[in-house]
Amino acid sequence: MDNNLSGEDNDNIDWDTEDELEIQEIQDMTFSSCTDLRTTGQHAVSCNGEASSSSVPSQSKFIQQFVMMGFREESIAKAIKQNGENEGLVLDALLTLKALEDSREEQPNTSSQLKPYISSDDSSSEYNENFLDDVYEEESWSSDSDSIYSAKQCYLKDESSSLSEKEHKERLLVNMGYPVEDASIAMERCGPGASLVELTDFIYAAQMAREEDAYLPEDVKPKLGHILNGSGGSMKRKMYNELCKRKKQRVICDEETIRLPKHMIGYGIPTESVSTMVKRTLPEQAIGPPFFYYENVALAPKGVWDTISRFLYDIEPEFVDSKYFCAAARKRGYVHNLPVENRFPLLPFPPCTIHEAFPLTKKWWPSWDTRTHLNCLQTSIASARLTDRIRKAMEDFDGEPPMRVQKYVLDECRKWNLVWVGRNKVAPLEPDEVEMLLGFPKNHTRGISRTDRYKSLGNSFQIDTVAYHLSVLKQKFPDGINVLSLFSGIGGAEIALYRLGIPLKNVISVEICEVNRNIMKSWWEQTNQKGNLIDFDDVQQLDGDCLERLVDSYGRFDLVIGGSPCNNLTGSNRVSRDGLEGKESSLFFHYVRILDLVKLITSR
DNA sequence: GCAATGATGAATATACCC
DNA sequence: GGGTATATTCATCATTGC
């Protein structure tokens, strides 16, 4: 497959030709996404019943010959359904399936066996692709891709539910900013089982491979013309090959799932000695300008960080726990192209233990509560009823309660980040205390409801942590910096830069929540910023045309920073932990889309 | 209508033991 | 190595109260 992508033929890529390549690739990816072939295959037949319903004496004989060859009836029925009673086609499909199963048996219960499938010539024929796509509908990066139940769900779907899912995905793609036509074509070509990643890949590849004006309106073409035309199509080829490389990497990454480090200190923390810091080499295509910085929860469902890394130029995420910067844990992954040498922390260094942060609690803190750090600050707090239950449980005993009560109380305190504020009395943190722990100015979020304050703060950066990473920019931008801030929230990135003493020349901020935008504006005014704050409420507004105009007006972006919504990634979500395909978390792909556009515009 | 409240587990990693 | 226990988690939604 690489041969097809690296040769001269790519200079004059024809969309139809690429279609074939893309279809092959994406179907191969779908192909590779299966997890338990035998189980899913069985469900495919036993649940839809179509194969048996079409049984007639002549077909029974037709089936029998394949049974005699040693194939399972379920697989035969499915192959017939996909290919009709064409002996050659059915046999081909069955052989392919058999090869897959044999390969899987050699390496059970891992995804590493998927690689040979992709290079399998047997999968190249259309009927086999259809057959296998249909049999193996599961998402390659679904968090529950190993679940038999999940697979079963796929096969219990009738036509109507399939259509509904198709519409849902298509709508999602459109909401992500892709043209309706592209979304529709991607759905049609990739099939209903294609994951969102595959669909976006397909569309992206299509747009890259089309004429030079990917995402850019007519009036912008001439401005970028010299980039694309002047290089005789090399840029197009370069980007296309880069995309294909990302896809290829996907297979490799399936084998090498990113694992969280035991001690989340990333490339170093202020208190860690320099000798233990690790130097890194960035992939060439990741090197700025612009610098970029992406953040999300470290404990995302399996495979999410592989996908994030793959879409962000294969940069290894830097996992850091903010407990090294403040009195609360905050395990986050950061993908960025910033230098990692010569970082420096914000001063004064914030209190790093509970007792340092809240000295008044020390008086009431029982000896058996050995916590020194709070857990992650969330978007909601414990109820008064819970703290009252804890008080009553404690008051039943004079002095030290029995172990079972201690355990109950400690479990609740850890779960809800409660602190001791009186005799037998625990309480959740106040909003201004959360502000302090996260490094925000006191009263930063004051003026909105307590619920909203907790929510906005729970979704924000830990300033000291992010500032430590961004500190390397101070030397590079002594006269100020142009920032494209995506999913800005309450302005954590801007505050980090401001506290580092980096002048904010122009900040293009995108934040969907009006309450958060108002907090940001208020901070901007209160701190007498000299630069310009331009805000948008939706990342979809930032298309090529819009970005081009912004660059023309304010100059090129020096930093693209943001953390896309984690709602569908966090373990706290009991309802819709859907991974990167989730309603909110899929906005990550907008970050990628916008970053790619900015890089393109910046390189002209 | 808005804000506050309270009930709702599962996915994942890690530690520990055998 | 495998099984079990334990810890942790930028949340969601229906209900209640004002």
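Chain letters run A, B, ... following the sequence lines, proteins first and then strands; every chain starts at 1.
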Please check the phosphate of [N] (OP1 and OP2 only) for any side-chain N or O of [X] closer than 4.0 Å.
X         : N       : result
Lys331(A) : dT9(C)  : yes
Arg414(A) : dT8(C)  : yes
Arg574(A) : dA10(B) : no
Arg385(A) : dA7(B)  : yes
Asn375(A) : dT9(C)  : yes
Ser383(A) : dG6(B)  : yes
Thr451(A) : dA4(B)  : yes
Ser449(A) : dC2(B)  : no

Roughly how many Å is it from [atom1] in [X] to [atom2] in [N], rounded to a whole number?
X         : N       : atom1 : atom2 : result
Asp411(A) : dT8(C)  : CG    : P     : 9 Å
Asp452(A) : dT12(C) : CG    : C1'   : 15 Å
Asn568(A) : dC13(C) : CG    : P     : 10 Å
Asn417(A) : dT8(C)  : CG    : P     : 10 Å
Gln378(A) : dG9(B)  : CD    : P     : 17 Å
Asn459(A) : dT9(C)  : CG    : P     : 15 Å
Arg330(A) : dT8(C)  : CZ    : C1'   : 14 Å
Arg259(A) : dA13(B) : CZ    : P     : 6 Å

Open item on the list: Heavy-atom nearest nucleotide on DNA chain C for Arg332(A) versus Lys407(A): which residue maps closer to 5'?
Closed with: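 Nearest nucleotide further toward 5': that of Lys407(A).
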Between protein and nucleotides 14-18 of chain C, what N or O pairs are separated by less than 3.5 Å?
none

Shortest side-chain distance from [X], nucleotide among [options]:
X         : options                   : value
Arg577(A) : dT12(B), dT12(C), dA7(B)  : dT12(B)
Val575(A) : dT12(C), dC10(C), dT12(B) : dT12(C)
Ser576(A) : dA7(B), dT12(C), dT9(C)   : dT12(C)

Task: Whole-angstrom distance between dT14(B) and dC10(C), as gauged at atom C1' - done: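 Straight-line distance between the two C1' atoms is 22 Å.
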Open item on the list: Suppose you measure atom C1' in dT8(C) against the same atom in dG9(B); what distance do you get, rounded to whole Å?
Closed with: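 Each nucleotide's C1' atom is 13 Å from the other's.
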Working to the nearest 0.5 angstrom, can you tell me the gap between [X] [atom1] and [Y] [atom2]?
X         : Y         : atom1 : atom2 : value
Leu374(A) : Ile354(A) : CG    : CD1   : 4.0 Å
Leu580(A) : Ser585(A) : CG    : OG    : 6.5 Å
His263(A) : Ile269(A) : NE2   : CD1   : 10.5 Å
Tyr454(A) : Ser449(A) : OH    : OG    : 11.0 Å

Looking across every strand, which nucleic acid part, if any, lies under 4.0 Å from [X] by heavy atom: base, sugar-phosphate, or nothing?
X         : answer
Cys566(A) : base
Ser564(A) : base
Lys262(A) : sugar-phosphate
Gly563(A) : base

State plainly whether the residues [X] and [Y] are in salt-bridge range, i.e. N to O under 4.0 Å.
X         : Y         : result
Lys392(A) : Asp388(A) : yes
Arg453(A) : Glu435(A) : yes
Arg450(A) : Glu430(A) : yes
Glu295(A) : Arg332(A) : yes

TODO: Let me know which of Val560(A), Val539(A), Asn296(A) forms a side-chain contact (heavy atoms from CB on, under 4.5 Å) with Tyr591(A).
DONE: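 For Tyr591(A), the side-chain contact (heavy atoms from CB on, under 4.5 Å) check succeeds only for Val560(A).
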Task: Step-by-step side chain to side chain donor-acceptor pair (under 3.5 Å) determination, Ser322(A) to Thr465(A) - done: CA-CA 6 Å; Ser322(A) 292; Thr465(A) 310; 2.7 Å; yes
Task: Comparing Leu386(A) and Pro261(A) on DNA chain B - which has the more 5′ nearest nucleotide - done: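 Result of the comparison: Leu386(A).
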TODO: Give each stem of DNA chain B as a range with a range, requiring at least 3 consecutive Watson-Crick or G-U wobble pairs whose two distances are under 3.5 Å.
DONE: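 Runs of three or more consecutive pairs: B:1-8 with C:11-18, B:10-18 with C:1-9.
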Task: Heavy-atom donor-acceptor pair, Trp365(A) side chain to Leu360(A) backbone, under 3.5 Å - done: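 Not confirmed, Trp365(A) side chain does not pair with Leu360(A) backbone.
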